[in-house]
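Side-chain atoms are counted along with the backbone in the values below, which use heavy atoms only and exclude waters and symmetry mates. Below, read A as the first sequence line, B as the second, and so on, with proteins coming before strands; counting in each chain starts at 1.
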Number of protein chains: 2
Amino acid sequence: MPNETEHDPHDDPAKALPAKADEGKLPPKAVVSRLSLYLRELLRIEHSGQQTVSSSQLGKLLGFTDAQVRKDLAYFGQFGHPGVGYRCEELVAAIRKILGTDREWVVAIVGVGNLGRALLGYKGFRSQGFRVAAAFDSDSSKVGMSFGGVAVEPTTALETTIRDRGVTLGLIATSPESAQEIADRMIAAGVVGILNFAPVTLSLPPGVSLVGVDLATELEQLSFAVANTQAAAAREDSAEDPLTSGPE
Amino acid sequence: MPNETEHDPHDDPAKALPAKADEGKLPPKAVVSRLSLYLRELLRIEHSGQQTVSSSQLGKLLGFTDAQVRKDLAYFGQFGHPGVGYRCEELVAAIRKILGTDREWVVAIVGVGNLGRALLGYKGFRSQGFRVAAAFDSDSSKVGMSFGGVAVEPTTALETTIRDRGVTLGLIATSPESAQEIADRMIAAGVVGILNFAPVTLSLPPGVSLVGVDLATELEQLSFAVANTQAAAAREDSAEDPLTSGPE
DNA sequence: GCGTGTGAAGTTATTCACAGCG
DNA sequence: CGCTGTGAATAACTTCACACGC
């Protein structure tokens with residue numbers, strides 16, 4: 001509580017980074033995943049003409065408590081206005097700055113199968129600060145084709161193109177067999193973050209960030225959730241259940 | 001994730017006696033997401049001919065500690081063999097049972113754009129117990145086409161087809177504008193779980209499970225991770241830190 | 001009044017450390 | 001021995017509750 005070394009009632013959000021958060025504190029992982037959701041919801045709210053939003057409204061929209069929303073945001077600085085709430089435009093800018101999407105990221109996609117084409121055509125990337133600047137595939141019949149305005153190049157051109165265009169993030173939509181090799185090559189060419197869709201665990205050198213999305217895994221999570229809620233619902237009413245399929 | 005399996009605020013009266021049966025305990029949320037990764041890795045290990053695996057090996061492969069692996073697995077029962085480790089085949093079967101993928105789930109995909117086609121062609125689903133039995137699109141030019149062996153039907157047929165084929169899980173790959181309506185209709189037709197790829201927050205009735213995947217959100221997580229590790233690297237240039245950001 | 005920011009309390013998840021078994 | 005399962009200790013996260021500014 002005694003953090004009034006700098007008691008500045010004036011905050012100019014459009015320029016300075018909120019230096020309020022302790023320098024030594026590391027970023028709580030769970031918070032960041034919600035930040036993206038806040039941002040998505042804020043853009044929708046803003047688009048609907050609403051100028052300001054309260055933590056409880058934002059929370060209700062996403063299924064979180066109001067306290068959660070405030071804690072999450074307060075972790076990075078003071079963005080709210082007591083009695084008013086959060087000004088959408090201001091908060092959008094603040095979250096973008098935190099997430100690092102206030103600048104443009106140049107990304108490359110490797111693997112132009114079904115999934116790769118889906119990524120190439122995904123409009124949500126551009127609007128959030130990600131520009132797809134290159135696509136690669138080892139299948140020569142795909143080379144030269146264009147998807148979403150991006151021409152497919154042979155994988156042999158990976159290194160030079162990544163360097164030439166200043167690609168910093170790589171999306172891997174290849175087969176699991178080639179994913180690790182592609183990751184290694186992209187990193188060697190200067191990529192510092194990888195979004196991996198191949199269903200395999202990649203091992204990367206320190207300093208390179210990794211986010212993995214496995215479609216089968218997501219469905220398994222859903223399977224578990226469904227099986228579990230149904231089991232809970234069945235348990236709800238029956239004190240004795242003679243026909244329960246033996247778990248063992 | 002806004003909505004997962006919500007837990008009934010019911011007090012558990014019996015807690016003193018060690019209920020040996022694994023059924024009856026609360027669902028630990030974070031554990032389940034790792035279960036899928038264990039499964040994926042186990043299948044690879046098994047495929048390579050290895051019969052047994054230790055918690056430390058499995059952990060090292062995925063970037064977890066050995067204790068984490070053991071705790072996760074022990075939560076659902078006793079699958080290990082002291083001095084030996086875990087027998088792959090045995091553990092695979094056990095995890096499948098926990099996740100609910102030991103039976104077949106019938107799934108439908110709505111929205112046959114780039115992403116929907118990618119999902120239709122994804123081979124990883126079938127091998128993990130998910131059978132894509134139907135696909136819908138409101139674009140009449142796509143109706144009648146076939147992707148991955150599944151014929152595209154008009155969205156008007158959604159209710160009858162879902163009922164006829166016993167679809168229980170729905171994948172939404174539509175525009176964000178129609179996602180909520182599609183979800184409502186699928187649920188009314190009997191779907192009990194939804195995997196949502198549309199970048200919008202869905203509100204679902206209790207009893208229906210939801211998993212959401214937002215591609216832009218995933219990239220934002222990566223952006224944050226990269227910006228953060230770079231900032232950390234710049235801050236501490238001279239300090240030697242062997243435990244930098246772990247994999248995944 | 002409304003609505004934020006934040007310590008304190010409460011809850012959940014992870015790591016430690018070691019008993020026990022093949 | 002090696003390796004699991006698990007209580008105890010630790011850390012991370014979430015909710016509560018309330019002071020304070022608008």
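Taking the nucleotide of DNA chain D with the nearest heavy atom to each of A:Ala30 and A:Val84, the more 5' of the two is matched to A:Ala30. Heavy-atom nearest nucleotides on DNA chain D were determined for A:Gly83 and for A:Pro28, and the one closer to the 5' end corresponds to A:Pro28. Toward the 5' end of DNA chain C, the nearer of the two residues B:Ala67 and A:Gly85, judged by each one's closest nucleotide, is A:Gly85.
Taking atom CZ on B:Phe64 and atom C1' on C:dT14, their separation rounds to 12 Å, with Å as the unit. Counting to the nearest Å, the C1' atom of D:dC22 and the NE2 atom of A:His81 are 11 Å from each other. In this structure, B:Arg70 atom CZ and C:dA17 atom P are separated by 13 Å, rounded to whole Å. Separating the CG atom of A:Leu73 from the P atom of D:dC13 is a distance of 16 Å, rounded to the nearest angstrom. Atom pair A:Gln57:CD and C:dT4:C1' shows a separation of 15 Å (rounding to whole Å applied). The nearest whole Å value for the distance from the CZ atom in A:Arg87 to the C1' atom in C:dT4 is 13 Å. Rounded to whole angstrom, the span from the CG atom of A:Asp72 across to the P atom of C:dT6 amounts to 14 Å. Taking atom OH of residue B:Tyr75 and atom C1' of nucleotide D:dT4, one finds them 19 Å apart after rounding to whole Å.
For the OP1/OP2 pair of D:dC3 and a distance below 4.0 Å, the side-chain nitrogens and oxygens of B:Ser55 include no atom meeting the criterion. Between A:Tyr86 and C:dC2 there is no side-chain N or O to OP1 or OP2 distance below 4.0 Å. One finds a side-chain N or O of B:Gln68 lying less than 4.0 angstrom from the OP1 or OP2 phosphate oxygen of C:dT15. For A:Arg34, a side-chain nitrogen or oxygen approaches OP1 or OP2 of D:dT14 to under 4.0 Å.
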(message) The test is side-chain hydrogen bond (donor to acceptor under 3.5 Å, both in side chains); show your working for B:Arg40 and A:Thr201 and say whether it passes.
(response) CA-CA 9 Å; B:Arg40 197 177 72 183; A:Thr201 306; 3.1 Å; yes
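Distances were taken from every side-chain heavy atom of B:Lys71 (C-beta onward) to each of C:dT15, D:dG5, C:dT14; the shortest belongs to C:dT15. The nucleotide whose nearest atom lies closest to any side-chain atom of B:Gln78 is, among C:dT14, C:dG20, D:dT6, D:dT6. The side chain of B:Lys29 has C:dA13 as its nearest neighbour among D:dT15, C:dA17, C:dA13. Distances were taken from every side-chain heavy atom of A:Ala74 (C-beta onward) to each of C:dT6, D:dG5, D:dC22; the shortest belongs to C:dT6.
Residues B:Ala173 and B:Leu119 come closest through the heavy atom pair CB-CD1, 4.2 Å.
Going from atom CG of B:Leu210 over to atom CG of B:Leu204 covers 5.0 Å, rounded to the nearest 0.5 Å. Rounding to the nearest 0.5 Å places CD1 of B:Ile182 at 8.5 Å from OG of B:Ser175.
Taking the six-membered ring where tryptophan is involved, the planes of A:Phe130 and A:Trp105 are essentially parallel, since the angle between them stays under 30° and well short of 60°.
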